[in-house]
Amino acid sequence: MTWAAEEFAGAQLGDARLNHRLIQLTERFADKPTASIPGACPDWSETQGA
């Protein structure tokens, strides 16, 4: 389990996919804290999801 998954383990966004996206985006932004959303996300679908 990653640090982001532990941090947001109690998040209840109403859909498991949204919970997963929250954790994934948190990890991406932590890796590149000064990047824009398109700069932090590896592809267009993830950018749209953000």
Supply the members, apart from W44, of the Ile/Leu/Val/Met/Phe/Trp/Tyr cluster built from side-chain contacts under 4.5 Å; use none for a lone residue.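 Besides W44, the cluster holds no residue at all.
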What is the distance from atom [atom1] of [X] to atom [atom2] of [Y], rounded to the nearest 0.5 Å?
{"X": "L25", "Y": "F8", "atom1": "CG", "atom2": "CZ", "result": "10.5 Å"}
{"X": "F29", "Y": "C41", "atom1": "CZ", "atom2": "SG", "result": "5.0 Å"}
{"X": "I37", "Y": "K32", "atom1": "CD1", "atom2": "NZ", "result": "13.5 Å"}
{"X": "H20", "Y": "L13", "atom1": "NE2", "atom2": "CG", "result": "13.0 Å"}
{"X": "N19", "Y": "Q24", "atom1": "CG", "atom2": "CD", "result": "12.5 Å"}

With distance as the sole criterion, is a donor-acceptor pair present between the side chains of E7 and T26 under 3.5 Å?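 Result is no, nothing qualifies.
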Provide the closest heavy-atom pair for A11 versus L22 in the form atom of the first, atom of the second, distance.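 Heavy atoms only, the tightest pair is CB-CD2, 3.9 Å.
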Tell me, please, which residues at least two apart from D31 pass salt bridge (charged side-chain N to carboxylate O under 4.0 Å, His left out).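 D31 satisfies salt bridge (charged side-chain N to carboxylate O under 4.0 Å, His left out) with no residue once adjacent residues are dropped.
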Would you call E46-R28 a salt bridge at under 4.0 Å N-O?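 Salt bridge: yes.
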